[in-house]
Number of protein chains: 2
Amino acid sequence: MPEQTTGSRPTLEAVAARAGVSRATASRVVNGGAGVRPPLVDKVRQAVEELGYVPNQAARTLVTRRNGAVAVIIAEPEFRIFSDPFFEQQVRGISRELTAYDSQLVLLWVEGPGDYDRIARYLGGGHVDGALAFSLHNDDELPAIIRRVQVPTVFGGRPGWPGAASELAVPYVDCDNRGGAREAVRHLVSLGRRHIAHIAGPRDQTSALDRIDGYRDVLLDADPELVRQGDFTADSGARAMAELLDRRPDLDAVFAANDLMASGALRTLRERGRRVPQDVALVGFDDMASVVETTDPALTTVRQDIEGMGRLMVRLLMRVLNEGEPGAGAPASVITPTTLVRRASA
Amino acid sequence: MPEQTTGSRPTLEAVAARAGVSRATASRVVNGGAGVRPPLVDKVRQAVEELGYVPNQAARTLVTRRNGAVAVIIAEPEFRIFSDPFFEQQVRGISRELTAYDSQLVLLWVEGPGDYDRIARYLGGGHVDGALAFSLHNDDELPAIIRRVQVPTVFGGRPGWPGAASELAVPYVDCDNRGGAREAVRHLVSLGRRHIAHIAGPRDQTSALDRIDGYRDVLLDADPELVRQGDFTADSGARAMAELLDRRPDLDAVFAANDLMASGALRTLRERGRRVPQDVALVGFDDMASVVETTDPALTTVRQDIEGMGRLMVRLLMRVLNEGEPGAGAPASVITPTTLVRRASA
DNA sequence: CGATCTTCAGAGAGCGCTCCCACCCCGGCC
DNA sequence: GGCCGGGGTGGGAGCGCTCTCTGAAGATCG
C-alpha cells in the first residue's frame with residue numbers, strides 16, 4: 001500500500017498554538033464554535049486560514065466512531081445496466097443527497113461470489129457508517145453479510161423474499177409498482193379497450209411481479225393467454241408481442257412492464273400492420289427518456305422518480321444511523337408514488 | 001453525521017489477551033506474521049477467528065498515514081456518458097485493479113463549479129491516498145486544486161493544454177489515438193480508396209484532435225473539404241456525412257472519429273443510396289460493442305483497451321504513491337496501443 | 001564454558017483528535 | 001464582602017493501532 005506523499009499537514013495543535021489557545025478550544029471552533037467567545041473564535045478561524053488546516057479524518061473517526069462515508073454496493077449484473085439510465089439516476093440522487101449530509105460515497109463493486117468476502121471485510125471493518133444495496137435476489141449473500149456484520153443498510157427495491165425487510169430490520173425504498181400498473185391498466189380500460197394484454201418482466205424481480213399484480217388487480221378475470229413474459233429487453237418485448245398477437249389477434253391494448261419491452265412491442269405491432277394507438281393502445285413503465293421520446297408514436301408510460309428514490313434511500317439510512325440503539329426496529333420502508341404520463345401511444 | 005450503531009468490536013488488545021501474547025505480536029501476525037514463531041502465529045490467528053476481529057482502519061490510518069482509498073473524480077457532463085459504455089468499462093478496470101491493491105474506490109461526483117470546494121476539501125483532508133481524474137478541459141479547476149492540495153493524481157486521457165502533465169507532475173494514461181487513426185486511414189488506402197473523408201470529434205477533446213492528426217499524417221495533402229466536425233453523437237455523424245456527400249460526392253471512404261458518429265454516417269449513406277463497403281468504405285473508432293455489432297454491415301473500427309487503461313491508471317498511481325518523496329519527477333505517462341478490427345464495413 | 005551474536009517478544013510512545021472534567025473568573029445574591 | 005453558580009477555558013485521558021527500542025532467550029564461536 002502506498003505512502004502519503006503530501007508533506008506533513010498542520011495539526012490542531014499547531015492551530016491552537018498560533019491562535020494562542022488550547023487544543024480543546026481550537027477543536028470547539030473547528031466544530032462549530034459553540035460556547036467559545038467571539039474574539040477567540042476569530043483568532044482560531046484566522047489561524048486555520050493561515051495554516052490551511054484541514055482536520056485529519058482518521059483521528060476524528062477514531063474517537064467519534066463515525067466516518068462520514070456510505071457504501072453503495074453494486075453487483076456486476078446490475079452495474080452492466082448502467083447503460084440503463086436507471087442506475088445512473090439513482091446513484092446521482094444518492095450522491096447529491098450524501099453531500100447534503102457531508103458524507104462520501106464509496107463504491108463497492110461486486111464482481112462475483114468470491115468478492116463477498118472482501119465486501120464483508122470492508123463493511124465489517126467500520127470503514128463506512130452504512131450501506132446502500134440494490135434489488136437483491138433470493139440467493140444473494142448480501143443479506144447474510146449484513147446481518148453478520150451488523151452494518152446499517154437500506155435496500156433499493158423490495159427484496160425478493162418474503163419478510164426480508166422485517167427479518168433483517170432493513171428498510172427499503174421502492175416505487176409503487178403495483179399502483180402504477182393499476183393506473184396504467186385503468187387508463188387503458190377508460191379508453192374503452194376490452195382485451196388488454198400484459199408483457200411481464202422476469203419472475204425473479206419483485207418490480208415485475210408487482211406490476212403483474214397491479215394488472216390483475218384491475219382485470220380480475222383476464223385470460224392467462226393475455227400475459228406473456230419477457231426479460232426487460234426490447235427484443236424480448238418484440239417476441240412477447242408476436243406471441244400475444246398469434247394467440248389473441250383481437251387484443252386492443254398492451255401494458256408492458258417497462259419501456260424497453262414496450263419499444264420492442266411497438267416494432268412488432270408495426271411489422272404486423274397494427275396502428276398504435278388506433279388498433280392497439282400501448283403503455284410502458286419507467287418513463288425512460290431515451291426510449292420514450294424516440295419511439296413513434298411517443299410512449300405513454302408510468303413515471304417513477306428514480307433520482308428521488310436514491311435520495312430517499314440516503315435519508316432513510318441517515319435516520320437509521322441517528323436513531324441508533326434505542327431498540328428501534330426497522331424504520332418503515334418507503335413506497336414512492338408513480339404518475340401516468342400520457343403521450344401518443346395510449 | 002450519523003452514529004455507528006454496531007456494538008463495540010474486538011480490539012487488537014483483546015486478541016492479544018486471548019492468544020496470550022502482547023499487542024505488538026498480535027499486530028505483527030495480523031500484518032503478515034513475519035518474524036513471529038509459528039506456534040504463536042497460530043494462536044493469534046485462532047484468537048482473531050474466534051473473536052471475529054477486524055482491524056480498525058481509522059486507527060491504522062492515523063499512524064500509517066495511508067488509508068487504502070483512491071478517489072475517482074467524475075465531472076457531471078462526463079458521467080452523463082455512463083450510458084456510453086466507455087466510463088463503465090474504465091471504472092470497472094479501475095475497480096478491479098484497486099482490489100488487487102486492497103484499496104477502495106471513493107466516487108467523487110462533481111456537479112458544478114460550486115462543487116470544487118467540496119472536492120478540494122475532501123482531497124486535501126487526506127481521506128484518500130490519491131486521485132484519478134478524467135479528460136480535463138482547459139478551463140477545468142481540477143488541476144489547480146490538485147496542485148494546491150498536492151494529492152497524487154493520474155489523469156485518464158491526455159489533458160487538454162500543452163505541458164499540463166509535466167507542469168503538474170501528473171502523468172496520464174491514454175490510448176494511441178494518433179497511431180490508431182493512422183492505421184485506420186492506411187487500411188482504407190490499402191483498400192485502394194482515393195478520396196478518404198474524416199468525421200472529426202469536438203475540438204476541445206485531445207482524443208479528437210489526435211485522431212485528426214493521425215488522419216493528416218497519412219493524407220498529407222487531403223482536401224480540407226474532406227474533413228467535417230461532429231460532436232461524437234450519432235446524429236452529428238449523420239449530419240457531417242450529409243455535408244461531406246454534398247461537397248465531395250466522389251468520396252469513397254470515411255474514417256469517423258468514433259463508432260457512434262460512424263453509425264450515424266452509415267444511416268446517411270444508406271439514405272443516399274451508397275452501398276457500404278462497395279461504394280464507400282467506413283471505419284470507426286473505439287470498438288464499442290453495442291454499436292459495432294448492431295450496425296449493418298458490421299463496423300470496422302479501431303479498438304482501444306478501455307478497461308486496461310483503467311487498470312493502468314491505478315498501477316501508475318500506485319507507482320507514484322510508492323516512489324514518494326525522492327525528488328522523483330512525474331512518472332512517464334502511458335500510451336496504450338490500439339488495434340484495427342476488421343469487419344464488413346471496410 | 002563464558003562471550004558474542006542472533007532471534008523474537010514485549011513495553012511504551014505516540015498518530016491527531018474529541019470530550020470529560022477540573023478550574024477559573026466574574027456577576028449576582030444574601 | 002464572602003459565597004454560590006455558571007459560562008468559558010485548559011488539562012489530560014484515551015480512541016486502536018503501528019513501530020521502535022529494549023531485553024530475554026537460545027545459538028554460535030573461540
Side-chain angles (χ1 to χ4, degrees), chain A residues 1-4 6-45 47-48 51-68 121 124-127 129, chain B residues 1-4 6-45 47-48 51-68 102 124-127 129:
Chain A
M1 284 230 287
E3 205 182 301
Q4 182 77 291
T6 55
S8 63
R9 299 190 290 116
T11 71
L12 234 206
E13 192 82 50
V15 172
R18 187 177 193 100
V21 300
S22 74
R23 199 174 58 250
T25 299
S27 174
R28 281 181 201 111
V29 173
V30 169
N31 290 294
V36 178
R37 256 176 311 203
L40 284 193
V41 171
D42 287 346
K43 270 206 269 186
V44 174
R45 291 251 161 85
V48 165
L51 262 35
Y53 170 77
V54 182
N56 178 317
Q57 186 65 22
R60 196 175 253 181
T61 296
L62 186 56
V63 32
T64 62
R65 276 125 198 301
R66 292 180 262 117
N67 39 29
R121 236 180 310 123
H127 295 72
D129 296 323
Chain B
M1 283 228 287
E3 204 181 303
Q4 183 76 293
T6 55
S8 63
R9 299 190 288 115
T11 71
L12 234 206
E13 192 82 50
V15 171
R18 187 178 192 100
V21 300
S22 73
R23 198 175 60 248
T25 297
S27 174
R28 280 190 273 262
V29 173
V30 169
N31 290 294
V36 179
R37 253 177 311 206
L40 284 193
V41 171
D42 287 346
K43 270 206 268 185
V44 174
R45 291 251 160 87
V48 165
L51 262 37
Y53 170 77
V54 182
N56 178 317
Q57 185 65 21
R60 196 175 255 179
T61 297
L62 186 56
V63 32
T64 61
R65 275 124 199 303
R66 293 179 260 117
N67 39 29
D102 230 6
H127 297 70
D129 296 323

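Side chains are part of it too, since the values below use all heavy atoms of this structure and drop only hydrogens, waters and symmetry mates. Per chain, numbering begins at 1; letters A, B, ... match sequence-line order.
Look at CG on A:Asn56: it is 18 Å from P on C:dG14, rounded to the nearest Å. Rounding to whole angstrom units, CG of residue B:Leu62 and C1' of D:dT18 are separated by 10 Å. If you take CG of A:Asn67 and P of C:dT18, they are 14 Å apart, rounded to a whole angstrom. As rounded to whole Å, 18 Å separates atom P of C:dG16 from atom CZ of B:Arg60. At whole-Å resolution of the value, CD in A:Gln57 and C1' in C:dT18 are 13 Å apart. We find that CD of B:Glu13 is positioned 10 Å from C1' of D:dC17, with the value rounded to whole Å. Atom-to-atom, CG of A:Leu12 to P of C:dC19 comes out at 12 Å; the value is rounded to the nearest Å. Taking atom CG on A:Asn31 and atom P on C:dG16, their separation rounds to 17 Å, with Å as the unit.
With distances taken from any side-chain atom of B:Thr25 to the nucleotides D:dT18, D:dG10, C:dA9, the minimum falls on C:dA9. Nearest to the side-chain atoms of B:Val63 among the listed nucleotides D:dT9, C:dT18, D:dC17 stands D:dC17. Counting only heavy atoms from C-beta on, A:Ala24 has its side chain closest to D:dG10 among D:dG10, D:dT18, D:dC17. Side chain of A:Thr11, nearest nucleotide from C:dC17, C:dA9, D:dG12: C:dC17.
Of all heavy-atom pairs between A:Val30 and A:Pro55, the closest is CG1-CG, 4.0 Å. B:Ala26 approaches B:Val15 most closely through the heavy-atom pair CB-CG1, 4.5 Å. The shortest heavy-atom contact between B:Arg9 and B:Val54 is NH1-O, 3.2 Å. When all heavy atoms of B:Asn67 and B:His127 are compared, the closest pair comes out as ND2-O, 2.8 Å.
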Applying side-chain contact (heavy atoms from CB on, under 4.5 Å), run through B:Asn56 and A:Leu62 and close with a yes or a no.
CA-CA 8 Å; B:Asn56 178 317; A:Leu62 186 56; 4.2 Å; yes

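On a pure distance criterion of 3.5 Å, no polar donor-acceptor pair joins the side chain of A:Arg37 and the base of D:dT9. A donor N or O paired with an acceptor N or O is found under 3.5 Å between the base of D:dG10 and the side-chain atoms of A:Arg28.
Comparing A:Arg23 and B:Val30, the nucleotide of DNA chain D nearest to each residue sits closer to the 5' end for A:Arg23. Between A:Pro55 and B:Leu40, the one whose closest nucleotide on DNA chain C sits nearer the 5' end is B:Leu40.
B:Ser27 has no side-chain polar atom (N or O) that falls below the 4.0 Å cut-off from OP1 or OP2 of D:dC17.
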